[in-house]
Amino acid sequence: MAEFFLELFSEEIPARMQRDAADALRDICSWVFRNLSPQDVKTFYGPRRLAISLEIAMTKPGGVAESRGPRDSAPEAALAGFLGKHAASRHELITEGGYFWLRRDLSPTRAADIIMGSLADALAKFPWPKSMRWGQGENFTWVRPLRRIVCLLDGQVVPLKLGPITASDITEGHRVHAPGTFKVSSASDWEKKLLAHYVIADVARRVGKIGDGGRTDLDELGLELVQDANLLYEVAGLVEWPVRLFGKIDPEFMDLPPEVRELSMKINQKYFALRDASGNPAPTFMFVANLQAPDAGAAIITGNERVLRARLSDARHFWDQDRKTPLEKLLPKLEKITFHGKIGTQRERVERIANKAENITSLLGLMGEAGRDARTAGLLCKADLVTHMVGEFPELQGVMGGYYASMTHGKLVGDAIKTHYQPKGPSDSVPKGNVAVSVALADKLDTLIEFFKIGETPTGSGDPFALRRAALGVIRIILENDLRLALKPLLDHDEKLFAFIMDRLRVKLRAEGRRFDVLDAVLSAGADDDLVRVMKRVDAVTEFLQTEDGANLLAAYKRAANILRIEDAKDGPHKPEFVLGPLPMKEAEELRDMLVFIERETYDNFTEEKYALVMAAFAKLRTVLDAFFERVTVNTPEPDLRRKNLQLLARFQYSLSRIADFSKIEG
Amino acid sequence: MSPHTSPPGPKSFQDIILTLHHFWAAQGCVILQPYDVEMGAGTFHPATTLRALGPEPWRAAYVQPSRRPSDGRYGENPNRLQHYYQYQALLKPSPADIQALLLESYDAIGIDRTLHDIRFVEDDWESPTLGAWGLGWEVWCDGMEVSQFTYFQQVGGIACMSPSAEITYGLERLAMVVQGVENVYALDFNGAGVTYGDIFRRAERDYSRHNFELANTDMLIRHFADAEAECAALVVAGVAQPAYDQCIKASHLFNLLDARGVISVAERAGYIARVRDLAKACAQAWIGADG
């Protein structure tokens with residue numbers, strides 16, 4: 001085995017593309033060297049370089065390729081066909097055991113040839129999200145101009161050629177701390193020499209230095225970093241020699257909403273926010289320089305503080321401007337914003353959301369004030385789209401509306417606007433509180449209804465309007481807040497949309513590792529659009545099926561269903577009517593009496609939605625069912641008795657089917 | 001040493017310009033003067049847009065007054081101006097050491113790279129009105145964007161046969177970093193007592209009023225249509241640069257209309273497409289391609 005090492009040295013690679021690029025490089029090398037037993041693959045990525053090291057065999061030994069031809073007695077045409085297929089001539093063939101054979105020596109595969117050939121070809125088609133041409137206009141493209149290649153096999157240069165660049169063993173270190181070039185002889189030599197030239201090649205080490213950095217600086221300040229893994233990796237992609245520095249935030253900016261301050265710091269400047277010991281935002285920010293300056297970073301800190309002041313002054317200006325205009329006054333501006341060409345303006349949209357939100361509060365049985373708040377919040381929930389702050393930071397939509405509304409309309413309305421986009425994903429939390437819940441629900445339902453109305457429904461992987469997310473949001477808001485609502489009227493009775501939402505519920509259950517056949521069984525037993533009740537039934541049935549009694553009951557149900565299916569085909573259907581009076585077999589009589597008893601016993605539990613109790617009652621059937629199937633011959637020759645037996649089984653099915661259609665349950 | 005060396009201390013605004021002129025002249029750039037039509041950025045100068053097309057080598061550097069009517073703040077904001085200066089260098093084809101050249105130019109104007117953190121942060125550039133795009137970076141000095149660096153890939157809808165490197169310095173921002181001032185109006189303009197504010201504050205106030213309140217929008221709409229028609233006619237006549245002048249004018253008139261707030265969201269895309277069509281026609285006229 002020998003070490004293969006490749007470094008692709010370019011001008012600065014966008015941070016967001018580096019990790020995927022390293023993965024792509026790994027895939028490419030694993031594929032082109034697949035016959036050379038590649039192992040110990042390690043990739044490196046950073047602002048100016050993408051590298052990989054791995055162990056591969058120097059050569060794949062040659063061998064013999066053997067193909068059997070036609071029988072030696074075969075007609076000439078068959079032989080000619082075989083020769084043509086292998087581009088062989090007659091004298092290469094031998095006969096053995098009654099067949100023609102072609103045996104050819106395979107030349108060994110040399111790693112260096114693969115590097116110069118397949119690897120170069122694959123790298124020329126490297127999957128950058130965007131790539132470019134430069135210089136003399138060669139057709140070779142790379143993410144930014146490629147300037148050097150180091151390509152070593154067992155310490156020797158392989159002169160791989162990509163576009164204008166031919167590989168060597170020469171690379172560069174940090175621009176300022178170690179200008180100039182140096183030679184490397186292996187992956188470890190490269191990593192070691194880079195370190196001496198102020199470049200940490202391994203991204204994990206850079207991340208470590210940025211995110212933890214030994215901590216003494218943070219401990220001295222008594223501060224904690226607000227964790228942000230994405231920002232951490234992005235910054236690690238911007239620096240080769242990370243140096244943590246701390247700057248001050250002017251007190252005049254500390255009364256801005258923390259979201260505003262922190263977003264401005266993060267998006268525009270890649271700064272990290274800090275918290276003090278009690279968890280409050282600290283008037284200090286952390287940032288990372290690519291330089292170990294002799295003044296300990298004093299000039300760099302001054303510069304960055306100045307930039308942040310300018311940024312926050314802008315934010316402060318937007319904040320001050322926006323607060324001069326109540327959100328209501330912005331509503332006319334929403335008339336000019338098209339939400340969707342076929343749906344209408346944002347102004348029309350908020351009118352619908354307001355109506356729906358108010359309607360939901362009344363369906364939830366809330367008094368007038370909640371309805372008024374929900375209407376107000378619904379009407380104003382998109383007004384922040386035309387504020388200065390959201391114009392600058394679209395990520396703050398909702399959040400800013402929340403701040404502005406709470407100043408004029410109180411906390412309930414403010415919170416409702418702030419959280420009305422939630423949940424934004426499966427891990428995001430759902431709004432809490434009646435007003436907030438009504439507005440968030442109204443917003444999502446309106447989106448679903450309107451897009452379904454114009455036929456813009458998701459197809460396959462395409463869901464440009466995030467309707468699946470909206471549907472999941474509806475489900476989670478309802479379930480996690482235990483909202484008792486009939487869903488269909490809220491969907492304007494759009495059956496297709498209802499089916500779409502139930503399908504999302506199915507997907508949600510599957511994602512949670514729960515069985516969704518139970519959901520189908522419950523829905524099939526009774527169309528129900530009260531999601532909370534549906535899930536109560538699902539939970540009770542799922543739990544019951546996990547017990548021995550449950551499994552037994554399911555088996556009995558399937559057995560009864562099988563018998564009925566066959567017998568119904570002959571002279572059915574057999575109505576699930578109770579046959580009164582004595583029955584010839586006491587096991588049949590006991591089953592009937594038990595069913596009567598259970599139905600009566602469970603009636604109230606059903607209406608009171610105590611489904612666990614319902615299932616517990618059904619568990620009592622086990623012994624009588626076992627005895628019935630053991631002792632009673634259902635298909636007795638006596639027609640009247642046979643009919644009574646079948647009706648009893650039908651009744652058993654019917655009793656159970658009030659909670660779930662067990663035929664839909666697997667197992 | 002340049003004969004324009006400032007007295008000890010940071011360079012004045014005009015000395016930065018003079019230094020950059022010397023620096024880029026030494027790299028074989030022709031030092032041009034600002035183009036005499038109002039425009040939003042140095043990229044619009046025909047020495048960049050038109051010369052970036054075709055295979056012929058070309059190196060130029062110049063200052064371009066840039067007008068962004070919507071950025072006016074009545075002279076009140078320390079960082080925003082509706083009229084400012086860009087220093088532009090265009091090198092075609094892009095030289096292999098272009099990043100190093102940019103960094104050396106920072107050395108020349110007095111940014112000590114052992115003390116200041118210079119970084120290349122992803123910034124893909126696209127000009128919808130010019131039908132142009134390229135890849136490159138914002139160049140940061142201690143977190144402040146002081147330059148833009150773009151490898152042109154397409155201009156006027158035409159792929160660049162020989163990709164250029166375009167370097168654009170935001171002169172005011174650069175000078176603020178060099179001089180360590182936080183208010184653009186406090187910049188030392190000439191090293192002899194004249195500040196940026198002495199020269200431009202009144203203009204910023206007056207132009208902000210013009211851009212946001214006073215400009216006659218009916219007239220602007222008429223002029224836009226005139227420029228559009230004239231551009232098309234001149235393209236037909238085969239005079240690319242006069243046609244292109246009209247395209248730049250149309251672009252600036254659109255920016256003024258936008259600042260006056262009379263262009264709706266829906267209309268906006270239409271205006272941009274109209275200017276882009278002009279730019280494309282001019283680019284094709286310039287390289288002599290068939291429409």
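Note that these values count all heavy atoms, side chains included, but never hydrogens, waters or copies made by symmetry. As the structure is a prediction and not an experimental result, all values here were calculated from the model. Per chain, numbering begins at 1; letters A, B, ... match sequence-line order.
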K.L.:
Flag the one option from A:A15, A:A293, A:P145 with the top tally of heavy-atom pairs under 4.5 Å to chain B.
P.N.:
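Answer, by heavy-atom pair count under 4.5 Å with chain B: A:P145.
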K.L.:
Check the side chains of B:S208 and B:Q82 for a donor-acceptor pair under 3.5 angstrom, ignoring hydrogens and angles.
P.N.:
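Result is no, nothing qualifies.
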K.L.:
So which of B:D123, B:D124, B:V121, B:I118 has the largest heavy-atom pair count under 4.5 angstrom toward chain A?
P.N.:
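The candidate making the most pairs under 4.5 Å is B:D124.
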K.L.:
Just give me the residue among B:A96, B:P55, B:A159 that pairs up with chain A most often, heavy atom to heavy atom, under 4.5 Å.
P.N.:
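Heavy-atom pair counts peak at B:A96.
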K.L.:
Output the option from B:G136, B:P57, B:P78 having the highest count of non-hydrogen pairs under 4.5 Å with chain A.
P.N.:
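Highest number of heavy-atom pairs under 4.5 Å: B:G136.
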K.L.:
Just by distance, with hydrogens left out, do A:Q269 and A:K266 show a side-chain donor and acceptor under 3.5 Å apart?
P.N.:
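The answer is no; no qualifying pair exists.
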K.L.:
Any sub-3.5 Å donor-acceptor pair from A:E305's side-chain atoms to A:K248's backbone N or O?
P.N.:
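Flag set: sc A:E305 to bb A:K248 pair under 3.5 Å.
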K.L.:
Between A:S131 and chain B, which part of the residue has a heavy atom less than 4.5 Å away: side chain, backbone, both or neither?
P.N.:
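Interface part for A:S131: backbone (N, CA, C, O).
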K.L.:
Between A:R133 and B:Q153, do the side chains contain an N or O donor and an N or O acceptor separated by less than 3.5 Å?
P.N.:
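On atom types as modelled, these side chains do not qualify, holding no pair under 3.5 Å.
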K.L.:
For the candidates B:M176, B:R173, B:Q99, which exhibits the highest count of non-hydrogen atom pairs separated by less than 4.5 Å from chain A?
P.N.:
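It is B:Q99.
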K.L.:
If we ignore angles and hydrogens, is there a donor and acceptor under 3.5 Å between the side chains of A:E335 and A:Q346?
P.N.:
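No donor-acceptor contact under 3.5 Å links the two side chains.
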K.L.:
Mind ranking A:I13, A:I300, A:V307 by heavy-atom pairs under 4.5 Å with chain B and telling me who comes out on top?
P.N.:
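Most heavy-atom pairs within the cutoff with chain B belong to A:I300.
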K.L.:
Which answer fits A:R309, side chain, backbone, both or neither, if we ask what part of it has an atom under 4.5 Å from a heavy atom of chain B?
P.N.:
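The side chain, not the backbone.
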K.L.:
When you look at OH of A:Y198, are more than 12 heavy atoms from neighbouring residues, nucleotides or ligands closer to it than 6.0 Å?
P.N.:
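12 or below, so no.
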K.L.:
Test of understanding: with side chain to side chain contact (heavy atoms under 4.5 Å, CB included), list the residues that count as partners of B:N77, not counting sequence neighbours.
P.N.:
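Once residues adjacent in sequence are excluded, the partners of B:N77 under the side chain to side chain contact (heavy atoms under 4.5 Å, CB included) criterion are A:D314, B:R73, B:N79, B:R80.
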K.L.:
Under 4.5 Å from any heavy atom of chain A, what part of B:L103 do you find: side chain, backbone, both or neither?
P.N.:
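When you check distances to chain A, only side chain atoms of B:L103 fall under 4.5 Å.
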K.L.:
Sort A:V243 into side chain, backbone, both or neither according to what part of it lies under 4.5 angstrom from a heavy atom of chain B.
P.N.:
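Neither part.
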